[in-house]
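All values below come from the heavy atoms of this structure, side chains included, with hydrogens, waters and symmetry mates left out.
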Amino acid sequence: MNSISKYIDIKEDFLYKKGEEEGVEKGEEKATEKIILNFLMNSKLSIEQIAEFSGVSLTFVIAIKQKYNL
């Protein structure tokens with residue numbers, strides 16, 4: 001593997017970039033989930049308002065609500 005690294009920059013590899021993008025997307029989704037969870041637990045906003053303020057679908061908010069039995 002060390003001998004290949006002389007010729008190939010792994011950070012330019014297609015699969016490396018794809019994995020990195022997927023990791024970023026999952027991180028963003030987890031952050032959004034945490035924000036929605038905080039709204040659900042600490043506010044009196046409707047699920048429609050939470051979806052609108054969070055920039056996500058109503059279905060996503062409902063899924064979070066069901067996931068945490070709220």
Q.
Which residues pass the salt bridge (Lys or Arg N to Asp or Glu O under 4.0 Å) test with K34, not counting sequence neighbours?
A. none
Q) Which residues pass the salt bridge (Lys or Arg N to Asp or Glu O under 4.0 Å) test with K67, sequence neighbours left out? A) E33
Q: Specify the closest pair of heavy atoms between I62 and I47, including all atoms of both residues, with the distance to one decimal.
A: CG1-CD1, 3.7 Å
Q | Over all atoms of both residues, closest heavy-atom pair of S54 and I36 | A | OG-CG1, 3.7 Å
Q: Would you list the pairs meeting salt bridge (Lys or Arg N to Asp or Glu O under 4.0 Å) in which at least one residue belongs to residues 45-60, sequence neighbours left out?
A: none
Q.
Run the side-chain contact (heavy atoms from CB on, under 4.5 Å) test on L70 and L37 for me, step by step, so that the C-alpha distance in whole Å, both residues' side-chain angles and the decisive distance to 0.1 Å come before the verdict.
A. CA-CA 9 Å; L70 300 173; L37 184 58; 3.6 Å; yes
Q. Run the side-chain contact (heavy atoms from CB on, under 4.5 Å) check on Y68 and L40 step by step: do they pass?
A. CA-CA 10 Å; Y68 292 96; L40 288 168; over 6 Å; no
Q | Residue list, side chain to side chain donor-acceptor pair (under 3.5 Å) with K18, at least two apart or on another chain | A | none
Q: Kindly write out the residues that satisfy side chain to side chain donor-acceptor pair (under 3.5 Å) with K65, not counting sequence neighbours, or none if the list is empty.
A: none
Q) So do the side chains of T32 and F60 get within less than 4.5 Å of each other, counting heavy atoms only? A) yes
Under 3.5 Å, sequence neighbours excluded: what are the donor-acceptor pairs made by side chains of residues 22-29?
none

